[in-house]
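Here's the structure we're looking at; comments come further down.
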Amino acid sequence: MTRTIYILNGPNLNLLGLRQPEIYGQDTLADVQALCEAVAGEFGLALRMEQSNWEGQIIDWIHEARDKAAGIIINPAALTHTSVAVLDALNAFDGPVIEVHISQVHKREAFRHKSYVSLRADAVMAGFGIEGYALAMRHMGGLLAK
Ligand code: DQA
């Protein structure tokens, strides 16, 4: 059976390509999906990509991933820095988790330097632009091949 990777995106990432392009670039979430589909194909993986502005929805997808996904790639956006609930949900998931940030959060405001999700993530990407998602997919493919 083909294994599925969940790629979950938090608040405001629906505006990717429109909001603060000087920080997040011009590419959209559809571009991210196309990039990741190409890598998924190389590794024989399927992917499901989702975005929500609602914390509870992100948590519900993480719960669903317990039965349906081999791994999770997550850009929790602002929830990275605030959400113990997202961390707790990820702690209830057994597969690999990779945290992705488009921007280099450690070069930005001090409140972006703390990540609850990093307490669970097996790898963290920051500052690679949307290419970070593709690199995360590639790493995920390697991890799952082991
Ligand atoms: C982000 C960084 C977060 O600090 C911010 O709240 C976002 C996006 C990133 O991808 O660089 O919304 O996760």
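First listed ligand is number 1; within each ligand, the first listed atom is number 1.
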Problem - N/O separation below 3.5 Å, Arg108 to ligand 1 - result: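 There is no such contact.
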Exercise for the section: Check whether any N or O atom of Val100, backbone or side chain, sits under 3.5 Å from an N or O atom of ligand 1, and answer yes or no. Expected result: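 No, there is no polar N/O contact under 3.5 Å.
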Problem - Partner of Ile62 by side chain to side chain contact (heavy atoms under 4.5 Å, CB included), out of Asp88, Asn91, Ile74, Val97 - result: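 Option passing the side chain to side chain contact (heavy atoms under 4.5 Å, CB included) with Ile62: Ile74.
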Problem - Flag if over 12 foreign heavy atoms under 6.0 Å of CZ, Arg108 - result: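 For Arg108, atom CZ is crowded (more than 12 foreign heavy atoms under 6.0 Å).
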For ligand 1, which atoms, with element, lie under 4.0 Å from some heavy atom of [X]?
| X | answer |
| --- | --- |
| His81 | 3 (C), 4 (O) |
| Val105 | 2 (C), 4 (O) |
| Arg19 | 7 (C), 8 (C), 12 (O) |

Protein contact to [atom] [nearest heavy atom, distance to 0.1 Å]:
| atom | result |
| --- | --- |
| atom 5 (C) of ligand 1 | Arg112 NH1, 3.3 Å |
| atom 9 (C) of ligand 1 | Ile102 N, 3.3 Å |
| atom 1 (C) of ligand 1 | His101 ND1, 3.7 Å |

Handout entry: Under 3.5 Å: donor-acceptor pair, side chain of Arg120, backbone of Phe93
Key =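 Checked: pair present.
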Exercise for the section: Go through the side-chain N and O atoms of Asn12 and Tyr24 and say whether any donor and acceptor fall under 3.5 Å apart. Expected result: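 Distance-only check fails for Asn12 and Tyr24.
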Handout entry: salt_bridge(Arg48, Glu64) N-O dist < 4.0 Å
Key =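 Salt bridge: yes.
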Problem - NZ/NE/NH1/NH2 to OD/OE distance under 4.0 Å, Glu42 and Arg138 - result: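 Looking at Glu42 and Arg138, the cut-off is met.
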Practice task
Please round to the nearest 0.5 Å and tell me the distance separating atom CG of Asn75 and atom CE of Met49.
Solution key: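 Answer rounded to 0.5 Å: 10.0 Å.
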Practice task
For ligand 1, note which part of Asn75 has a heavy atom under 4.0 Å away: side chain, backbone, both or neither.
Solution key: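 Within the 4.0 Å criterion, Asn75 contacts ligand 1 through side-chain atoms alone.
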Handout entry: Options Gly127, Ala77, Ser103, Ala78, ranked by nearest heavy atom to atom 11 (O) of ligand 1, top entry
Key =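 The residue whose heavy atom sits nearest atom 11 (O) of ligand 1 is Ser103.
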